[in-house]
Structures are given as C-alpha cells and as structure tokens.
Amino acid sequence: MLTLIEDAFENFLDDDDGQPIVMLNLLRFREDGGRERYAEYLAVATPIVARFGAEIVYVGNGLPALSAEPGQAWDAVALVRYPNRRAFAAMAMDADYRDKAAPMREAALAEAVLQPLRTASS
C-alpha cells in the first residue's frame, strides 16, 4: 500500500518551485500475480496520469542487484515525469485515480518506495 508520509508530503508541496519532477517508483510485487496486476494498473493509470500533463517515461524489470543490502533488490522500477509537484498532488487526489487505479496498484504490490527526483541543476 502506498502510504504517504504526511509531513514529507506537506513539505514536498510547500517547496514546489514549479519545476518538473520525476517520481522514482521502486516496486516489489506480490507473489500471487502482482506483476500481472501491475500491468493492468498501468493500463488504467496511464490515461489518468496523462490528464495531469504527466507521462510514464520508463518501466523496467529489476535484475539481481550488484550492490545492495539484503532486501534492497526490487522487482521493477518506474519513472513518471510530472510538470510540477502540484500536478502530482492533483493526480493522487483525483477520484478516478483513487477509486480505480490506486486499488489496483495496492493489490499488485507487496512493497513500494516513491522517491521524488529533480534535475541536479535545479
């Protein structure tokens, strides 16, 4: 389940500089068909994300980690580019996303990390 850290999310929005951000999604699938359910989630989420000017720029399967502590290997990663932080917040609060896509994501994932990124020069 995606659990937003309330203080971190508030600070994330308060510090919005209007610049694009990329959300790094580290994904660990449920063993009982999570990968397949995540593919279904992407099919539903992609047009919703696009309504907010965002795009899924990369989804890739994880290979065995070359350097990691135990438990830090991930099944897959996804990168989603948003025009700004407010666009991400609006998408996350959108009724279609909350009611249709988010439950599918939750059903697919055993664990996930959502890490905002921005260009190093920003």
Side-chain angles (χ1 to χ4, degrees):
M1 181 168 133
L2 176 63
T3 303
L4 294 176
I5 303 166
E6 191 170 329
D7 290 343
F9 188 66
E10 288 177 19
N11 290 337
F12 170 77
L13 292 178
D14 288 344
D15 293 340
D16 188 6
D17 57 6
Q19 296 299 309
I21 60 158
V22 172
M23 287 294 189
L24 167 64
N25 293 257
L26 301 174
L27 310 168
R28 189 163 292 120
F29 299 118
R30 293 186 189 274
E31 292 183 19
D32 61 344
R35 187 177 299 275
E36 294 78 14
R37 285 194 298 275
Y38 193 79
E40 294 167 2
Y41 157 78
L42 285 175
V44 170
T46 298
I48 296 171
V49 167
R51 283 193 288 125
F52 296 91
E55 65 175 321
I56 298 171
V57 295
Y58 179 82
V59 177
N61 293 321
L63 299 174
L66 299 178
S67 175
E69 297 295 321
Q72 290 183 330
W74 296 94
D75 294 330
V77 300
L79 297 171
V80 184
R81 184 178 187 279
Y82 292 86
N84 53 51
R85 297 172 193 213
R86 297 282 171 196
F88 169 77
M91 184 278 307
M93 300 306 295
D94 179 73
D96 279 344
Y97 185 81
R98 278 193 341 259
D99 298 341
K100 296 176 186 171
M104 296 174 78
R105 185 180 192 276
E106 184 175 333
L109 299 175
E111 188 176 4
V113 171
L114 184 62
Q115 175 71 52
L117 308 169
R118 66 178 178 182
T119 304
S121 62
S122 296

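Position 1 is the first residue of the sequence; numbering continues from there.
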Original post:
Backbone N or O of L109 within a donor-acceptor pair of the R30 side chain at under 3.5 Å?
Top reply: yes

Original post:
Does any non-hydrogen side-chain atom of V22 lie less than 4.5 Å from one of V80?
Top reply: no

Subject >> Short side-chain to backbone donor-acceptor contact, R98 and M93, under 3.5 Å >> reply: yes

Show me, pair by pair, the donor-acceptor contacts under 3.5 angstrom made by side chains of residues 62-76, not counting sequence neighbours?
unit_1, atom_1, unit_2, atom_2, d
Q72, OE1, E69, N, 2.8
W74, NE1, Q72, O, 3.0
D75, OD2, F29, N, 2.7

Subject >> With sequence neighbours excluded, residues passing side-chain contact (heavy atoms from CB on, under 4.5 Å) with A107 >> reply: R37

Subject >> Any side-chain heavy-atom pair of Q19 and T119 under 4.5 Å >> reply: no

Original post:
When rounded to the nearest 0.5 angstrom, what is the spacing between CG in L42 and CZ in R105?
Top reply: 9.5 Å

**OP:** Mind checking the CG-CG spacing from L24 to L117? Nearest 0.5 Å is all I need.
**Re:** 5.5 Å

Original post:
Which residues pass the ring pair (Phe, Tyr, Trp, His ring centres under 6.0 Å) test with Y41, sequence neighbours left out?
Top reply: Y38

Original post:
Tell me, which pairs form a salt bridge (charged side-chain N to carboxylate O under 4.0 Å, His left out) where one or both residues lie in residues 50-62, sequence neighbours left out?
Top reply: R51-D94, R51-D96

Subject >> R28: partners by salt bridge (Lys or Arg N to Asp or Glu O under 4.0 Å), with sequence neighbours left out >> reply: E111

Original post:
Taking the side chain as C-beta and beyond, is there a heavy-atom pair between M23 and V49 under 4.5 Å?
Top reply: no

Side-chain donor-acceptor pairs of residues 84-91 under 3.5 Å, sequence neighbours excluded:
unit_1, atom_1, unit_2, atom_2, d
N84, OD1, R86, N, 3.2
N84, OD1, A87, N, 2.8
R85, NH1, F12, O, 2.8
R86, NH2, L13, O, 3.2

**OP:** Considering non-hydrogen atoms only, spot the tightest contact between P83 and A54 and give its length.
**Re:** CD-N, 4.1 Å

**OP:** Mind checking the CG-CG spacing from L114 to L27? Nearest 0.5 Å is all I need.
**Re:** 9.5 Å

